[in-house]
Amino acid sequence: QVQLVESGGALVQAGGSLRLSCAASGFMFGNNAMGWYRQAPGQQRELVAAITGDGITRYEESVKGRFTISRDNRQNSVDLAMHSLKPEDTAVYYCNIVLHALAPDWKRAARPLTYWGPGTEVTVSS
């Protein structure tokens, strides 16, 4: 049974930092690229960062240089370190697989699982 449990969200001021964590179970974690998705109020969910099983990373343009994704295949966990946070980063953040993390259209080709965890809420105040 697949489980994804996100944590670490909080209310922070603009310019602040947060570290999100995701604990995964129920599937072959090390064999899958993982990603962090976010859904802002009234917006569609979008993929912002991905990491392959062997550590290759991809970032959406708006978070490049500010967010860092990492994973621990022994712990079946994936983290997202977020710095220089902006009000537009406000969203609920979710982790999930990323099917084609190395593809040119990696965001559109992500094909996450239909199962989603509860997410963790990040609010950045101006």
Side-chain angles (χ1 to χ4, degrees):
Q1 181 179 352
V2 172
Q3 276 203 313
L4 297 164
V5 180
E6 302 89 353
S7 62
L11 169 64
V12 295
Q13 289 191 327
S17 298
L18 281 176
R19 188 176 187 91
L20 308 184
S21 293
C22 169
S25 61
F27 62 100
M28 297 292 286
F29 181 82
N31 290 354
N32 284 279
M34 294 296 296
W36 281 94
Y37 300 73
R38 68 184 181 188
Q39 187 167 20
Q43 304 292 318
Q44 287 193 332
R45 189 150 37 200
E46 63 168 344
L47 176 59
V48 296
I51 184 167
T52 65
D54 53 2
I56 299 171
T57 57
R58 307 289 299 270
Y59 296 97
E60 196 270 332
E61 280 299 320
S62 68
V63 307
K64 273 185 183 177
R66 301 189 299 121
F67 290 10
T68 302
I69 188 170
S70 60
R71 67 188 293 160
D72 184 336
N73 289 338
R74 291 172 299 177
Q75 299 288 333
N76 284 9
S77 64
V78 57
D79 288 0
L80 186 69
M82 306 187 295
H83 302 287
S84 303
L85 283 161
K86 305 175 180 180
E88 51 264 44
D89 295 319
T90 294
V92 179
Y93 285 72
Y94 304 86
C95 66
N96 210 310
I97 70 167
V98 179
L99 199 56
H100 300 295
L102 298 179
D105 60 345
W106 62 285
K107 292 181 63 179
R108 199 161 54 88
R111 301 290 191 274
L113 299 171
T114 54
Y115 167 88
W116 292 90
T120 188
E121 189 166 3
V122 173
T123 304
V124 184
S125 63
S126 56

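Numbers for residues simply follow the sequence, beginning at 1.
Atoms CG and CG, from L99 and N32 in turn, are 8.0 Å apart once rounded to the nearest 0.5 Å. The distance from the CD1 atom of I97 to the CE atom of M28 is 13.0 Å, given to the nearest 0.5 Å. Put simply, CG on N76 and CE on M34 are 9.0 Å apart, with the number rounded to the nearest 0.5 Å. The CD atom of Q39 sits 5.5 Å away from the OH atom of Y94 when rounded to the nearest 0.5 Å. Note that the CD atom of Q1 and the CZ atom of F27 stand 12.5 Å from one another [nearest 0.5 Å]. Atom CD of Q13 sits about 9.5 Å away from atom OG of S126, to the nearest 0.5 Å.
A pairwise comparison of heavy atoms in S17 and S84 identifies OG-N, 4.4 Å as the closest pair. Nearest heavy-atom pair across L4 and P118 is O-CD, 3.5 Å. Scanning all heavy atoms of the two residues, the minimum distance from N73 to F29 falls at OD1-CE2, 3.3 Å. The minimum heavy-atom distance linking W36 with V78 is given by the pair CZ2-O, 3.5 Å. Across all non-hydrogen atoms, the minimal contact from V98 to A50 is CG2-CB, 4.0 Å.
Two residues are said to be in side-chain contact when any heavy atoms from C-beta on lie closer than 4.5 Å; L85 and F67 meet this criterion. By the 4.5 Å heavy-atom criterion applied to side chains, M82 and L20 are counted as neighbours.
Not counting sequence neighbours, the partners of D89 by the salt bridge (Lys or Arg N to Asp or Glu O under 4.0 Å) test are R38, R66. The salt bridge (Lys or Arg N to Asp or Glu O under 4.0 Å) test applied to K64 returns E61, not counting sequence neighbours. Take D54 and apply the salt bridge (Lys or Arg N to Asp or Glu O under 4.0 Å) test, not counting sequence neighbours, and it matches no residue.
Y59 pairs in a side chain to side chain contact (heavy atoms under 4.5 Å, CB included) with only one of the listed residues (L47, V48, I69, I51), which is I69.
Judged purely by atom type and a 3.5 angstrom limit, R58 has no side-chain atom pairing as donor or acceptor with the backbone of K107. At least one donor-acceptor pair closer than 3.5 Å links the side chain of T90 to the backbone N or O of V124. Looking only at distances, a side-chain donor or acceptor of D72 sits under 3.5 Å from a matching main-chain atom of Q75.
A ring-centre distance under 6.0 Å is found for W116 and Y37.
The list of salt bridge (charged side-chain N to carboxylate O under 4.0 Å, His left out) pairs with a residue in residues 9-23, not counting sequence neighbours, reads R19-D79. Here disulfide bond (SG atoms under 2.5 Å apart) pairs that include residues 63-126, with residues two or more places apart or in two chains, are C22-C95.
Cluster partners of L11 are absent, since no Ile, Leu, Val, Met, Phe, Trp or Tyr has side-chain heavy atoms less than 4.5 Å from it.
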